[in-house]
Amino acid sequence: MPDNFYRKRLETIFNAAGIAIDGAEEHDIRIHNHKVFRKAITQGNLGLGESYMKGWWECDALDQLFYRLLRSRADEKVKPIERIAGKITGRMFNLQTTSRAFIIGEKHYNTGNDLFRAMLDNRMVYSCGYWDGARNLDEAQERKLRLVFDKLMLEPGMHLLDIGCGWGGAARFAAEHYGVKVTAITVSSEQAAEAKQQCENLPVTIALSDYRNVEGSFDRIYSIGMFEHVGYKNYRNYFETVKRCLKPGGLSLLHTIGGNEPCVSVDPWICRYIFPNSMIPSASQITRNAEGLFMLEDWHVFAFDYYLTLKAWHENFESRWEVLKRHYPETFRRMWNYYLLSCAGAFKARFLQLWQILFSAEGLGGAYRAPR
């Protein structure tokens, strides 16, 4: 079909979202290569993202562009074959088996500690901050960590399991400020190396391990920004593992991105370029798989805080690009900007959610007022 057909299709979708092609508003897009029309209509976000990486189009405010697109449900108006194939693959295969657990570490978290050190806060916490009362990213992440550990009602001498770990910021904070012992696991060799340095001389053990291989018994278990890599076929296994490792009377906190509907596949662009084999859980997928194992004590929603966090990461990334570009090409810069700002728009549109969920092993035996 001629490109004019695809242009009109794209214009119709954009017009419904208040977006103009070659318009003057910050959320409008400027076309540099007309191939983008066919690619966007036939491949959806995969085509739109790849064409942006190639420089075929520009937008002064990608987060506002995606906010408008997702609020207008533009994603439902394009049904690319990649998305259909992804759903079929997700239903037929377990993409997050133990043998595949380290793919996400190699592909994403091992990208470069210099990149994440430049982009993140001073503790290198790679998850949503808590901006209530925070003036900057460092304060937002500290407030998030305090929120997590206060909800868990930590006491000195407790033994914590950190599933996911990152670069060790949370484990170090817990050991330093709450007087606890921490065992932390990650599937990223670069994260593990950095975390061991960050937690040196503290009662923190860092291990390169999949969550399914954890042994031991813990007073508290938490996972911050890791559940998105578990996959819906393994949610029950995750909660069974936590149940097995949690002492009687223990608490477990799950900090995760959430979706509004059950998901069996991931966005094709995100899967190919950012987070391979990852899936966003829905509320029903979480509760259904935790039932019979845990009691739900608290469910805290603060999705807009992830918009603020991603915008802060993007500002750091851009402000330090002059140094980073020595090791990363311009295509990477465009890919990373697309990742950070499209996700920011998704959180602002509430297409994506952010949840902290507190579970108890047997139910708390009295009143519980969750910190906010």
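We use all heavy atoms of the structure for the numbers below, so side chains are in, but hydrogens, waters and symmetry mates are not.
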Check: Q285 side chain, P281 main-chain N or O, donor-acceptor pair, under 3.5 Å: no

F66 vs Y338, ring pair (Phe, Tyr, Trp, His ring centres under 6.0 Å): CA-CA, chis, key distance, verdict: CA-CA 10 Å; F66 278 91; Y338 191 87; 5.3 Å; yes

Y109 vs F102, ring pair (Phe, Tyr, Trp, His ring centres under 6.0 Å): CA-CA, chis, key distance, verdict: CA-CA 10 Å; Y109 297 107; F102 289 83; over 10 Å; no

Under 3.5 Å: donor-acceptor pair, side chain of K107, backbone of F275: no

Under the ring pair (Phe, Tyr, Trp, His ring centres under 6.0 Å) test, residues paired with W131 that sit two or more places apart: none

Path from L352 to L70 over hydrophobic side-chain contacts below 4.5 Å: yes

Aromatic contact, Y339 with W269 (centres under 6.0 Å): no

Identified side chain to side chain contact (heavy atoms under 4.5 Å, CB included) counterpart of Y235 within the set M279, Q96, R288: M279

Shared hydrophobic cluster for F294 and I163 (ILVMFWY, side-chain gaps under 4.5 Å): yes

Point-to-point distance, once rounded to the nearest 0.5 Å, from CD of E215 to OG1 of T241: 9.5 Å

Aromatic contact, F359 with F239 (centres under 6.0 Å): yes

Distance flag, aromatic centroids of W321 and H314, threshold under 6.0 Å: no

Worked check of ring pair (Phe, Tyr, Trp, His ring centres under 6.0 Å) between F5 and F37: CA-CA 9 Å; F5 168 82; F37 301 128; over 10 Å; no

Residues that, via side-chain heavy atoms closer than 4.5 angstrom, fall in one hydrophobic cluster with V204: V125, L145, V148, F149, L152, M153, L154, M158, L160, F173, Y178, V180, V182, L202, I206, Y222, I224, L251, L253, L358, L364, Y368

Any donor-acceptor pair under 3.5 Å from Q141 side chain to S127 backbone: yes

Backbone N/O of G225 and side chain of H255: donor-acceptor pair under 3.5 Å: no

Non-hydrogen atoms of Y238 and S223 that approach each other most closely: OH-CB, 3.2 Å

side-chain contact (heavy atoms from CB on, under 4.5 Å) evaluation trace for E330 with R333: CA-CA 5 Å; E330 180 63 23; R333 179 188 188 183; 3.6 Å; yes

Pairwise distance CG(N213) to CD1(I185) - rounded to 0.5 angstrom: 8.5 Å

From CG (D132) to CZ (R372), nearest 0.5 Å: 11.0 Å

Within one Ile-Leu-Val-Met-Phe-Trp-Tyr cluster: Y67 and L65, side-chain cutoff 4.5 Å: no

Euclidean distance, F218 CZ relative to K247 NZ, rounded to 0.5 Å: 9.0 Å

Enclosure of E261 CD (heavy-atom neighbours >12, cutoff 6.0 Å): no

Y130: partners by ring pair (Phe, Tyr, Trp, His ring centres under 6.0 Å), with sequence neighbours left out: H300, F302

E362 side chain vs G249 backbone, donor-acceptor pair below 3.5 Å: yes

Side chain proximity check, T111 to Y328, heavy atoms < 4.5 angstrom: yes

Close side-chain approach of V214 and L161, heavy atoms under 4.5 Å: yes

Exercise: do S284 and S282 side chains pair donor with acceptor under 3.5 Å: yes

Any donor-acceptor N/O pair, D63 side chain to L341 backbone, under 3.5 Å: no

Heavy-atom neighbours of R9 CZ exceed 12 at 6.0 Å: no

Connected hydrophobic set around M295, excluding itself, where side chains approach under 4.5 Å: none

Any side-chain heavy-atom pair of S278 and I104 under 4.5 Å: yes

Listed once per pair and sorted, the salt bridge (charged side-chain N to carboxylate O under 4.0 Å, His left out) pairs that draw on residues 177-188, sequence neighbours left out: none

Under 3.5 Å, sequence neighbours excluded: what are the donor-acceptor pairs made by side chains of residues 14-23?
| unit_1 | atom_1 | unit_2 | atom_2 | d |
| --- | --- | --- | --- | --- |
| N15 | ND2 | E11 | O | 3.1 |
| D22 | OD1 | I31 | N | 3.0 |

Short side-chain to backbone donor-acceptor contact, N237 and V230, under 3.5 Å: no

Spatial distance of atom CZ (R73) from atom CZ (F351) [nearest 0.5 Å]: 9.5 Å

Close side-chain approach of W313 to L137, heavy-atom, < 4.5 Å: yes

Joint hydrophobic cluster, V187 plus I103, side-chain heavy atoms closer than 4.5 Å: no

Within 6.0 angstrom of E315 CD, more than 12 heavy atoms from elsewhere: no

Rounded distance (nearest 0.5 Å) linking atom NZ of K54 with atom NZ of K35: 7.5 Å

T331 side-chain N/O to M53 backbone N/O, donor-acceptor pair under 3.5 Å: no

Heavy-atom check, side chain of N110 versus side chain of S189, under 4.5 Å: yes

Main-chain N/O of M226 paired with E228 side-chain donor or acceptor, under 3.5 Å: yes

Exam field: side chain D138 to backbone D121, donor-acceptor pair closer than 3.5 Å: no

Presence of salt bridge, R334 and E58, under 4.0 angstrom: yes

